[in-house]
Every structure is written in structure tokens, then in C-alpha cells.
2 protein chains.
Amino acid sequence: MPRLVGQIDSSKTEAILDAAAEVLAERGLAAPIEEIARRAGVSKQTIYNRYGGKTELIQALVEKRVDSITAPLRSPGAEEHPEETLAAYARSLLVVIEKGGYSLMRLTIQSAGELPELAREVYANGPMRSRGQLAEYLELETRAGRMKVEDPMQAAEFFGGMVMANRQIQALLRLPTGLTEAEIDRLATEAARIFMRAYSV
Amino acid sequence: MPRLVGQIDSSKTEAILDAAAEVLAERGLAAPIEEIARRAGVSKQTIYNRYGGKTELIQALVEKRVDSITAPLRSPGAEEHPEETLAAYARSLLVVIEKGGYSLMRLTIQSAGELPELAREVYANGPMRSRGQLAEYLELETRAGRMKVEDPMQAAEFFGGMVMANRQIQALLRLPTGLTEAEIDRLATEAARIFMRAYSV
DNA sequence: TGAAAACTGGACCCGTGCGTCCATTTATCT
DNA sequence: AGATAAATGGACGCACGGGTCCAGTTTTCA
């Protein structure tokens, strides 16, 4: 039921992207466009009307979603004690993984051979940007005399790595991490504690 | 030139695995077996004689190589001061990445949908095992009174993450990390220094 | 020299999935 | 009502690649 003459139906666009995310997460690059169309309740032609082909669809999907997935990570709230803030940040990192946010990353890795620019963009808008924000925070806290961080980007990389590395690989390998809320909390708290030991004034 | 009557030519087996590693690294799961055969200087049939099919070939390749790639990581030498030992360990982690050791990981990730057991095995024999060894070392140093590590596995995970996480993702995304020897050294040294700050007695 | 088994290379079948085409339908604007 | 344009769905051509088959060759052992 198009809403305008000669205007594309944008509700279908959403349905397509949702279905694409789903099928691509399940089957990877091998995901057939026909299956995406079927699940979106849309004809294959409709997909080709919007996107020239499969690679464009993937690009559109990833570019559109990376931001929204990593958005919650971007602003460590600067109210509480740094250890609290860091723990909260770590928790949000882990939640992204736990909630399946890594299927896009897996997809990007699979496509990296054919779509190197996409890989660059995902890296810049995902891990890189979120790390930059954390670095800013660390610098602020250092200025405020609550921490002692000489190389904020380096430190941010360390912290992100401490929290993520293992779960990251597990998620990419599709191994169920099976972290309970309590375990997430413990891990986040412990990472923040250790990090503060290393970077306290 | 087979060396035994009715015996498979093991030099060809090696050629097949080498070629498979090469082509699979380049083209991922989409790598055609014919291309592997071509580069191995072997007929397609010969490959099918040894391995039932593509998935078996991949399994054989990965299982056979994971060990040799991660072998250098397994034994942190316990002679020097822990900070030195940790830096050396970190360096060897980074070298594995730098030398392209992550193409097998990328391949395993791509295959994880169809070959979940392979994913489990790679994880267990790669990151997991090497982390276990590091944990043992940390425990030893703690007993010796040179460090203070309460949860060795957790600490090992932290250290590995600090060193690897970022480069790991870059490598998987095929982004050139372009680390010079000097940068590797700096990163390893810094990670060891920070880690020791957090876990010193 | 003959047997045994692997290797070759090329042909072959076949499933899958991309991308195209098109006649028909549906919906909206003038 | 008529024009306009998107949406449908089904058929189609086509390339690619997995896996099989086989007749002929090479190699080594007995």
C-alpha cells in the first residue's frame, strides 16, 4: 500500500533492512536475497529497485546500523567516581556483545575481502570512535586529578581490550558466552578496579 | 612421483594444505577447490581422495595449523623479571598477528555457522590454551611473591586483551596494522608495565 | 614383468543464487 | 476516470563451483 504516487514505500525499506540483518546474521554472505525478500514480505525486485545489488544492500545495512549499535558506548557519564563510570562503560560494552551486536562485525569481516572501505568505516565508527570517547574521558579525569593517564588512547585501548577481547572472539566464533547479568557485572567491576589500580594518581 | 605402491604421496598432502591455506586466506570460504588444486600442482581428484570434501579439507587444515601457530605462545619463560617475561610474551602475541596468523581465525569465523565444533576446537587450542599457560605463570609468580594475582585466569584474560584486542579486530577486518618492530616493542613494554602496576605485590 | 594403487585431466551433472525481464496489480494524485 | 509509478511474482539466463566418473598414466614393490 504505497502512500504516495511514484514514491517508494519507506516502511518496506525498514522491513528489508530488518530481514537482511536477520538472514545475513544467520547465513553470512551466503544469505540469498530471495530469502531476505521472503522474510521482508516483499518481492525480490523491490530490493533491486532500492539497492543495485547485494553488496550495496550490505553496505546500506551496516552503515545504517553501526552507529545505532555503538551509540550507547559513546559517552561515559562523568558524574560518579571514575571507577564507577568505567565499570558502567564496561558493562555497556559487554551488553552490546551479549545482545548480538557482533553479527554485524562478523558480516563485515566476511565482506572485508570484497568491501575494504566498509571494513574501514565500521572500524572507524565502531571500536575506534568509542575508544576515542573513552580516551577523552580519561584525559578529563586526569586533568581533574582523579587519575593519572599519560597516553589516553593507549589506556583506552587497554581497557577496551581487557573487557572485550575474549568475549569478542567468542561472539565472532558463535560460541555462546552465556554470561549472566551477575557475571557481566562482576567482570565489569573487576576490570574497572584493576584498571584504576594501574592508573590511579 | 609416489614413493610407495598404493601409498599416498605425503609431499602432495603438504602442497595441498599450503595451497589451501593460501587460497582460503585470500578468498575465504568461497575459495574454489579447483584453484587450490591448481596451486598445489595436483589434480582435483587427489584432494577428494584425501578429504571427503571442502569442509573436511578446512577442518584438516585448521586443526593441523592452529597448534603450530600458537605454539610459540605457550611457554612464558620464567627466568627474568616478570615484567620482562610479560613483555616478551606480549611481543610474541603481536608477532603472530603481524605475521598473518589471523587468517586461520578469520576462516574459522566464516565457517562457524557450518562447523561449530571447529570453532570450539580453535578457541580451545588457541586463545584458551595460551591464556591458561599465562595464568599458570602468573600463579607461579604470585607464589614466588613477585606478583599479587588473585584470579590468574581473569588476569591472563585482561593481559591478553590489553595487548591483542585492537590488532585482532584490525587483522580480522584485513586492515593493515602496519606495526613496526619498534612499535610492537613499545606496545608490549607498555602493556607489561601497566599490568605490573596493577598486579604488583 | 606384472600387480597394485595413486595420480592426472578432462568431461560431466547439478544445485544455488545473482540479476533481469515483464505482464499484471495496487495505490495515489490530478 | 485517467495517468503515473511502485510493487508483485514468476520465469528466465547465466556463472560458478562442488562433487563424481573414468580412461589412461606413473610409480613402486614383489
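Chain identifiers are assigned alphabetically (A, B, ...) following the order of the sequence lines, protein sequences preceding nucleic acid strands; residue numbering begins at 1 within each chain.
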Nearest whole angstrom, please: distance from the [atom2] of [N] to the [atom1] of [X].
X     : N      : atom1 : atom2 : value
B:Y51 : C:dA6  : OH    : P     : 15 Å
A:L29 : C:dG17 : CG    : P     : 13 Å
A:Q45 : D:dT8  : CD    : P     : 10 Å
A:I58 : C:dC18 : CD1   : C1'   : 13 Å
A:L57 : C:dG19 : CG    : C1'   : 14 Å

If you only use heavy atoms from C-beta on, which nucleotide in C:dC7, C:dT20, D:dG19 is closest to the side chain of A:Y48? C:dT20

Taking only N and O in the side chain of [X], is any of them less than 4.0 Å away from OP1 or OP2 of [N]?
X     : N      : value
A:R50 : D:dA6  : no
B:K12 : D:dT26 : no
B:T46 : C:dT8  : yes

5' priority, DNA chain C, between B:N49 and A:K54 [closest heavy atom]: B:N49

[X]/[Y] ion pair, N-O < 4.0 Å:
X      : Y      : result
A:E14  : A:R65  : yes
A:E83  : A:R146 : no
B:K54  : B:E114 : no
A:E183 : A:R186 : no

What does [X] touch in the nucleic acid at a heavy-atom separation under 4.0 angstrom: a base, only the sugar-phosphate, or nothing?
X     : answer
A:A31 : sugar-phosphate
B:R27 : sugar-phosphate
B:G41 : sugar-phosphate

Which residue lies toward the 5' end of DNA chain D, A:E34 or B:T55, if each is placed at its nearest nucleotide? A:E34

Counting only heavy atoms not in B:M153, do more than 12 sit closer than 6.0 Å to its CE atom? yes

Any donor-acceptor pair under 3.5 Å between the side chain of A:K44 and the base of C:dG19? yes

